[in-house]
Undergrad: 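One structure, pasted below without further comment.
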Protein chains: 2
Amino acid sequence: MDELVTGRRRTYGPRDVIVEDGSELQEIRLVISGLAARSKDLSDGSRQIMAFLVPGDLCDIEGFVLRAMDHRITAVSETTCALIPAAEIESLLIEFSSLTRALWWSTMTDSAVLRARIIDHGRRDARERIAHLFYEMLIRYRVVGRTTDHTFPFPVTQEELADATGMTPVHLGRILGELRDEGLLEWRRRVLTVHDPAGLKRVARFEADYLHLDRTEARDGNVAERAGDLI
Amino acid sequence: MDELVTGRRRTYGPRDVIVEDGSELQEIRLVISGLAARSKDLSDGSRQIMAFLVPGDLCDIEGFVLRAMDHRITAVSETTCALIPAAEIESLLIEFSSLTRALWWSTMTDSAVLRARIIDHGRRDARERIAHLFYEMLIRYRVVGRTTDHTFPFPVTQEELADATGMTPVHLGRILGELRDEGLLEWRRRVLTVHDPAGLKRVARFEADYLHLDRTEARDGNVAERAGDLI
DNA sequence: CGACGGCTTGAGGTAAGTCAATCCACGTGG
DNA sequence: CCACGTGGATTGACTTACCTCAAGCCGTCG
């Protein structure tokens, strides 16, 4: 690794954007000094910082493996990064078998989902969190071909759902009742039925980018066909 | 991938533990059917589910790469997994250069930190979250050799810190004042001084396992020397 | 039939949010 | 060297989202 960081460097001032949300990358950045932050700006103007990057941390391998960044990296204080050029990385990818690449890709998307969960907990209220989780699960079940409409078995208890969304079973139950009364969904007998997907997506303030469905390197290329109406 | 899943399988009933927290792994599990959850049980009896695993998701590559799991995986409904034996995976690792392995390891520890953040947000209050973040940063700065005592430059604004801990700058400021008044720490002029590391660790309910410091495959093996007193 | 696990409903209580004023340190220019 | 402006921190009064405890309900299974 050391030999890679001897190359080109770049220094960013406080609040400078190091890697833009949505960008496709030609190089990987390694923090040499300073402090940077992974963050996501939400539609309502709030922001969630998901991680701080200290010297020695890599900024954007996910952008490289997944093709597009699903969040932004900014300098907090003055920060200098080593730029590891595309060529160096490409040579790495060549040594990967397709299985290795699939594993790599899978862990990256897992992290992306974790980041989404952090945003949920940090900057969304109970309604939004529940809606977001349900909508995400709907898409994921669709993508793996476990359902073709807006219904799927979701065999968790309210207590488990509360543990996932970081709230009390009691409060979860209340909000669930609201969503039901509003005709958005029904969740009875361990089966979830989404009556109004568009409405659910709206209350969740859902953005699908973090699932990286467009570039699925996995076995099926027909994601659009399976979940296109939801994204 | 398909050819790997033709082998041995195992089925788990609801609430069965699929992979235990802290275990070292001999095989990787792939969810074939059912629903599983990554979760962590906290000392106060509460639990945080960090992700649901649907068919096609891998359970425990992190346990394989990082050596020990930092959380637990349980079946939610009846779940069957394909067991991919160690030998298959070892053969993968052989094709990795040490650089590839370093990258791999780095993304895995990143995910672990993300999971810690989810636990923070879901199951800890403002005090605990702030304390936890500060303590984690202290350790990370120590590990990369940026400080040797309990002081380090932490040049973020209160607003940024609030965005990271998922709260309001106002509330953050109040709690910060409490921690200061209690003599735990001081954070002035962008420099953090931890007066009482043990106390801070206690209010954070900090457990170091998720940082995977024991098995650092990175360039320095002297983590214990650098941060041993904190863990 | 009763028992049990899970869901629902209700009445308070508390942590954290909102809005807004004030304060303080620092930098800049007259 | 002081006046001023600015970004960030602090303080206060009030509101709200969510929690706690506790009782009641309902479907399932023995």
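Every chain is numbered from 1 and lettered A, B, ... according to where its sequence line falls, protein lines coming before strand lines.
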Undergrad: How long is the span from the CE atom in Met50(B) to the CZ atom in Arg117(A), to the nearest 0.5 Å?
TA: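 The distance works out to 12.0 Å.
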Undergrad: Go through dG8(D), dC7(C), dC18(D) for me and flag the one nearest to the Thr157(A) side chain.
TA: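 Between dG8(D), dC7(C), dC18(D), the one nearest the side chain of Thr157(A) would be dC7(C).
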Undergrad: What is the distance, rounded to the nearest whole Å, between atom CZ of Arg127(A) and atom C1' of dT16(D)?
TA: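 Interatomic distance, CZ of Arg127(A) to C1' of dT16(D): 15 Å.
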Undergrad: What's the separation between atom CD in Gln26(B) and atom CG in Leu83(B), rounded to the nearest 0.5 Å?
TA: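 Answer for the CD-CG pair, Gln26(B) versus Leu83(B), is 12.0 Å.
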Undergrad: Take the protein atom CD1 of Ile175(A) and the nucleotide atom P of dT16(D), then report the distance between them rounded to whole Å.
TA: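 Going from CD1 in Ile175(A) over to P in dT16(D) covers 15 Å.
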Undergrad: Counting side-chain heavy atoms from CB outward, which of dC18(D), dC19(D), dT8(C) is closest to Gln158(A)?
TA: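 That would be dT8(C).
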Undergrad: Whether Arg189(A) contacts dG6(C) is assessed here as follows: a side-chain N or O lying under 4.0 Å from the phosphate OP1 or OP2. Is that the case?
TA: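 Negative; the distance criterion is not met.
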Undergrad: Which whole-number value in Å describes the distance from Glu128(A) CD to dG17(C) P?
TA: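 Answer to the nearest Å: 14 Å.
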Undergrad: Expressed in angstrom and rounded to an integer, what is the separation of His171(B) atom NE2 from dA13(D) atom C1'?
TA: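 Roughly 16 Å, once rounded to whole Å.
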Undergrad: By nearest heavy atom, map Arg190(A) and Arg123(A) onto DNA chain C; which one lands nearer the 5' end?
TA: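 Between the two, 5'-proximity favours Arg190(A).
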Undergrad: Indicate the ring-plane relationship of Phe154(A) and Tyr141(A), choosing parallel, tilted or perpendicular according to the 30° and 60° boundaries.
TA: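 Because their plane-to-plane angle is over 60°, the rings of Phe154(A) and Tyr141(A) count as perpendicular.
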Undergrad: Whole Å only: how far is the CD1 atom of Ile130(B) from the C1' atom of dA15(C)?
TA: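 Whole-Å distance recorded here is 12 Å.
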Undergrad: Any idea which of dC21(D), dC7(C), dT11(D) is nearest the Val170(A) side chain?
TA: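 For Val170(A), the side-chain atoms sit closest to dC21(D).
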Undergrad: Distance check: side-chain N/O of Arg174(A) vs OP1/OP2 of dA17(D), anything under 4.0 Å?
TA: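 Answer is no, no contact under 4.0 Å.
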Undergrad: Would you mind telling me which residue lines up with the more 5' stretch of DNA chain D, Leu172(A) or Arg188(B), judged by nearest nucleotide?
TA: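 Result: Arg188(B).
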Undergrad: Tell me the interatomic distance from Met167(B), atom CE, to dA15(C), atom P, rounded to whole angstroms.
TA: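 About 14 Å, once rounded to whole Å.
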Undergrad: Between Gly166(A) and Glu159(B), who's closer to the 5' end of DNA chain D by nearest nucleotide?
TA: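 By nearest-heavy-atom nucleotide position, the 5'-most residue is Glu159(B).
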Undergrad: Starting at atom CG of Asp125(B), determine the distance to atom C1' of dT20(D), rounded to an integer number of angstrom.
TA: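 To the nearest whole Å, that distance equals 15 Å.
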Undergrad: Can you tell me which nucleotide in dT8(C), dG8(D), dA15(C) comes closest to the side chain of Arg15(A)?
TA: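 Within the option list, the nearest is dG8(D).
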Undergrad: Within the 4.0 Å heavy-atom criterion, would you say Arg124(B) contacts the bases, only the backbone, or no part of the nucleic acid?
TA: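 Counting heavy atoms under 4.0 Å across all strands, no contact is made by Arg124(B).
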Undergrad: Kindly compute the distance separating CD1 (Ile118(B)) from NE2 (His71(B)), expressed to the nearest 0.5 Å.
TA: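 If I round to the nearest 0.5 Å, the distance is 10.0 Å.
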Undergrad: Starting from C1' on dG7(D), measure out to CG on Leu161(B) and report it in whole angstrom.
TA: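 One finds 17 Å between C1' of dG7(D) and CG of Leu161(B), rounded.
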Undergrad: Nearest 0.5 Å please: distance from the CG atom of Leu179(A) over to the CZ atom of Phe134(A).
TA: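 Output value for this atom pair is 8.0 Å.
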